[in-house]
Every structure is written in structure tokens, then in C-alpha cells.
Amino acid sequence: MLDLKQIRENPQSVQERLNRRGVGEYDIEPILELDRCQRELETRRSHLQARGNEIGKLVGQKMKSGSVEEPEIITLKDEGNLIKAQLSELEPQEKDLKAQIEVLLLTFPNLPLDSTPIGENEEQNVEVCRWGDEYIPENPNILPHWEIGEKLGILNFERSTKVAQSRFVTLIGAGAALERALIQFMLSRQIQAGYLEVSPPFLINSQSLTATGQLPKFAEESFKCDRDDLWLTPTAEVPVTNLYRDEIIPAEQLPIYHCAYTPCFRREAGSYGRDTRGLIRLHQFNKIELVKFVHPTTSSQEHESLRQDAEAILQALKLPYRVVELCTGDLGFGACKCYDLEVWLPSAGKYREISSCSNFGDFQARRGSIRFKEAGKKGTQFIHTLNGSGLAVGRTMAAILENYQQPDGTVRIPDALQPYLGREVLVHPGS
RNA sequence: GGAGAGGUGGCAGAGUGGUCGAAUGCGCCUGACUUGAAAUCAGGUGAACCGCAAGGUUCCGUGGGUUCAAAUCCCACCCUCUCCGCCA
């Protein structure tokens, strides 16, 4: 959520930064107008209340010293009733304005940092670096991961549609073991890097989704359990960030680093024709998520190190990838800066997103009221939140099945992963 | 699902109609003592909003109601805990 005070005090600067996401998409003028009305009402209301409080005290004093029937008391009571009547008109108006402002504010995205490249869409994203060109396979006949996976007997899509729908998968035998090994491998690495593992609820309430920014604008993207105001988590970012919602954290406890494995559930509304095959775009997938809660002055450098922690997994697995910095037009709703890690998928001949590392500044902290207090200092401040995948497990599996595919149709297991899987190669069931 | 208890400041926990934004303890800050720390003693210390300021307003789970006046009384709802039932 944007800071209303900042909008009020620097409207042109806020508008300019919103325009970087897309000219004409966001107009702060309606908010400013509502805010002016609300503050005018607030002034009037609080003056009335002040007089009302005064009357209350006076009546109390006089009743102690005199009779209840004294005319002075009657007059005061009458004035009290008059004020009450006036307030009963003002208060709902002001409440309504406040609610309108809140609703509007929740639909506004975060302001991009000045360092975020300006651009209209993903074509203007900026490639930061490439890693592992030497690991790009030379074999020109690499099968897409879903084909090799089915040949190896470790993936089954058809039967999964029977159980659920399209865009679901069942992993079998070595496939299921491979996924489990990847989860264990990624978590172990991130725990070693200093992240405290958590295993949060997978069903989460609306308030949590609102705090991280999925609601109200992106309700279509998540699965909902209607009877209970609970949703299937679309990413561990939501439950993990919300662990600290409505809390004031002592500054000396910062930074807080968490990693979490969860399944993620997404409706993928609006992507009907895209990536219909394979592990790339499923309604349910597994992910290791990294979440940081940090002091505002450190969030940029924490963002860089978060990215490195995600990259470290790809490097350990020797999977070729590149780092892309999202331009303002492609930046996620709550992010002020974001790096995507894209892994090389030989069958497609291109890089595909496998991790997204975002800095949210105080955007989520405001929505979720996550604050910190510095000992001895007055008041509280909003913390900064960051998160990134470390990594998406299904896509990692896809990348391994392709990049480690051998001409004979077997798939080598990356060295670093072998101890977790207990085997060096995936072979056809018959051989 | 049934029965009961409870939701108060960073935390614990008093408070049952007025001077209560709220005792007390812990924590934290400042000072004294100390080479330093600990212990002890004294003082201070909630959050949010409006206002240039003085100052004002709001907040005791949430929403309504009664009253000149509500943490306190009434109604509804939400949540947590305990016990019973069912169940992985």
C-alpha cells in the first residue's frame, strides 16, 4: 500500500513514478480529492467530540456535588444530545470516505525504485548476466522434458487429468524421488545460507492475501474454499510474510530470514493456450521460497544477496541460466524492484523463469502492518520485505531432464544432487 | 459438532459506568553507584491520525445499541484456549 501522506505531500512525484508502470493506468487525483474531504470532516468531527468530552466531564463533576435535577445539568445534557445527533451524521460520512480511500489505495501498485529500468513490457527487461554457457548441452536432439519424462516412466499427465484436471501431474517412482530430493537439497542449502525453515499453513485467509498484494486485484488467480474464507496458497510468500502481520518486531531481531517448502496453487486464468504441456505451468507445483524481513536501509543490498542465494542453487546444479531485471512495465504489483532468474530449456531453445526475486520495500509491511521498533527511539517504522524462489521445483526438474539428457535417452543426475537421490542416472524402466 | 473459559499496552496481567489510555510486574530508555558489567536505587517509557504550533481526536477482539459519559451495561459476530465427541 502506498503511503497516503506521501501521496498528499508529493502528488506529482508519486504520479510520475506510477506512470513508469504504464501511462494513464493509475490516477491519484480521486484519492487526493477523497482525502481532502475526509480531513475536513475529521477536523469538524474531532472538535465536536472535544466539546462532547468536556460536557461529559462537567456533568460528572456537577452530579457529584449537586442534585441530578439542577437546570445547569439539564442544559449540558441537552447540548450533549445535540452533539450526539450531529456526530451521528458526520461519523458515517467520514467512515465511508475512509473506506473509499482504503479500497482505492489497495488497488494501487508499489512505486518502482529509481534503479528499476523504465520500459513498457517484458521485451524491455534488461539482461543482467548469464551463467554457465559451458553447460549448455551440445546434443541437438534433446526431447522436451515431458516426453523424456514419460519415456522414463516418471511423469504422468494423462492420468492426472482423470484425478483432477489438465495442468496437473503425477510423479512416479524415480520422478517422485527426484522431486523429494530436490526439495531436500534446496532447503538444506538455504538453511546453510542462514534461512530458518518454516512449514506454514497451505490454506490462508483473505486478510493474508490482501497484505501481500494478491487481493483485491488478483482474486482470479487463486483457488478459493468458499465456505471458509480460505484460499489455497499461491506461493509461500503469503503465509510466511503474514507470520508477522500486525506485529511490532524489536529492531535487534532484524533481519529475519525464512525459507519454506510449500506446494503452490494457481488458477492460471488467462493463460489457456500457453505452456499446455509439461511441468512449466501447472495448477499445483512445489516451490522453495525465501522470505526476508529487513531494516529499510538495508533492503537493496539484501535484495542482491537474496538473488545470489537463489542463483547458488542453479550453480550447484550446473544449470545454465541468465538474470533479467524486470522493467517498470513488467514489474509485479507489489514489487519496487525485481530480478528474474531464467534457466536454459534446450527443447524450447530459450530461457524460462525459474525464480523471481523481489524487493517490496514497505509496500507489504504497510498492508500487513508489520513494523519494527528501535530501542530508545520513539514510534515505529515499517520493515521492508523481500522474497524469491529458491527455486521452483517442477521447473528445476524440467531443466534437469533436458539439460542432463544423454544421447542414449538416459538422464544424468547433477553431481550435487546425487547424494540426495542416491543414484547417478535415470534410465528407462525396461533397460 | 456439544459444554465451558477468555480476548486489555512490546510481553505478562489488574481493572465492572465518570478524573482510566488504563494499576502492577517484566522489558526498554536516562541518571546515580561501579574500572566495566551485573545487582540495586531514582526518573522516564503504548500506538495511530489531524494540526505550522499550542493542542485535539481515536484505539481495551469486531460491529451495533443504551447513556451527558462505556474497557466496564445490552445485542450480534469473529477468534483463541480447555474438556467431551468424531477423526489423520
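Note that these values count all heavy atoms, side chains included, but never hydrogens, waters or copies made by symmetry. Numbered from 1 within each chain, the chains take letters A, B, ... in sequence-line order.
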Roughly how many Å apart are [M] and [N], using the [atom1] atom of each and rounding to a whole number?
N	M	atom1	value
rC33(B)	rU82(B)	C1'	49 Å
rA47(B)	rG10(B)	C1'	11 Å
rA71(B)	rG15(B)	C1'	8 Å
rG21(B)	rG31(B)	P	32 Å
rA23(B)	rG36(B)	C1'	36 Å
rC26(B)	rC74(B)	P	35 Å
rC86(B)	rC77(B)	C1'	26 Å
rG25(B)	rC41(B)	P	11 Å

Rounded to whole angstrom units, what separation is found between the [atom1] atom of [X] and the [atom2] atom of [N]?
X	N	atom1	atom2	value
Arg245(A)	rC79(B)	CZ	P	13 Å
Arg371(A)	rG9(B)	CZ	C1'	12 Å
Glu374(A)	rG27(B)	CD	C1'	17 Å
Gln38(A)	rC49(B)	CD	P	12 Å
Leu97(A)	rU58(B)	CG	C1'	17 Å
Ile249(A)	rG10(B)	CD1	C1'	12 Å
Met1(A)	rA48(B)	CE	P	14 Å
His47(A)	rC49(B)	NE2	P	19 Å

Taking any strand in view, what nucleotide pairs with [N] in a Watson-Crick or G-U wobble way, both distances under 3.5 Å?
N	value
rC41(B)	rG31(B)
rG7(B)	rC78(B)
rG36(B)	none
rA12(B)	rU24(B)
rG1(B)	rC84(B)
rC73(B)	rG65(B)
rC52(B)	none

Under 3.5 Å, is there a donor-acceptor pair between the Tyr261(A) and Glu197(A) side chains?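 There is no such pair between these side chains.
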
Quick one about Asp309(A) and Tyr195(A) (side-chain donor to acceptor, distance below 3.5 Å, no hydrogens or angles considered), yes or no?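 Judged by distance alone, the side chains do pair up.
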
Residues in salt bridge (charged side-chain N to carboxylate O under 4.0 Å, His left out) with Arg267(A), at least two apart?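 Residues passing salt bridge (charged side-chain N to carboxylate O under 4.0 Å, His left out) with Arg267(A): Glu220(A).
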
Is there a donor-acceptor pair under 3.5 Å between the side chain of [X] and the backbone N or O of [Y]?
X	Y	value
Ser389(A)	Ser355(A)	no
Arg21(A)	Pro112(A)	no
His145(A)	Leu279(A)	yes

I'd like a table of atom pairs between the protein and nucleotides 59-65 of chain B - only N or O on both sides, under 3.5 Å - with the distance next to each one.
| from | atom 1 | to | atom 2 | distance (Å) |
| --- | --- | --- | --- | --- |
| rG64(B) | OP1 | Lys95(A) | NZ | 3.1 |

To the nearest 0.5 Å, tell me how far Ile7(A) CD1 sits from Ser13(A) OG.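 OG of Ser13(A) is found 10.5 Å from CD1 of Ile7(A).
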
Inter-residue atom distance Ser46(A).OG - Arg39(A).CZ, 0.5 Å rounding: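 If we round to the nearest 0.5 Å, Ser46(A):OG and Arg39(A):CZ are 13.0 Å apart.
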
Nearest-nucleotide comparison on RNA chain B, the residue closer to the 5′ end among Glu54(A) and Arg8(A):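 Nearest-nucleotide comparison on RNA chain B picks Arg8(A).
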
Which is true for Arg44(A) with a 4.0 Å heavy-atom rule: it touches a base, it touches only sugar-phosphate, or it touches nothing?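 Touches nothing.
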
Applying ring-ring contact (aromatic ring centres under 6.0 Å, His included), name anything that partners Phe382(A), two or more places apart in sequence or on another chain.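 ring-ring contact (aromatic ring centres under 6.0 Å, His included) check on Phe382(A) returns nothing, list empty.
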
So, using ring-ring contact (aromatic ring centres under 6.0 Å, His included) as the criterion, who are the partners of His283(A) when residues are at least two apart?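 Only Phe168(A), Phe223(A) meet the ring-ring contact (aromatic ring centres under 6.0 Å, His included) criterion with His283(A).
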
Taking only distance into account, with no hydrogens and no angle test, what donor-acceptor pairs under 3.5 Å do side-chain atoms of residues 95-111 of chain A form with protein atoms, sequence neighbours excluded?
| from | atom 1 | to | atom 2 | distance (Å) |
| --- | --- | --- | --- | --- |
| Asp96(A) | OD2 | Gln100(A) | NE2 | 3.0 |
| Thr107(A) | OG1 | Leu104(A) | O | 2.6 |
| Asn110(A) | ND2 | Gly334(A) | O | 3.0 |
| Asn110(A) | ND2 | Phe360(A) | O | 3.0 |

Out of rC50(B), rU57(B), rA48(B), which nucleotide sits closest to the side chain of Thr43(A)?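 Of the options given, the side chain of Thr43(A) lies nearest rC50(B).
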
For nucleotides 66-70 of chain B, list the nitrogen or oxygen atoms of the protein found under 3.5 Å from its nitrogen or oxygen atoms, one pair per line.
| from | atom 1 | to | atom 2 | distance (Å) |
| --- | --- | --- | --- | --- |
| rC68(B) | OP2 | Asn81(A) | OD1 | 3.4 |
| rA69(B) | OP2 | Lys84(A) | NZ | 3.3 |

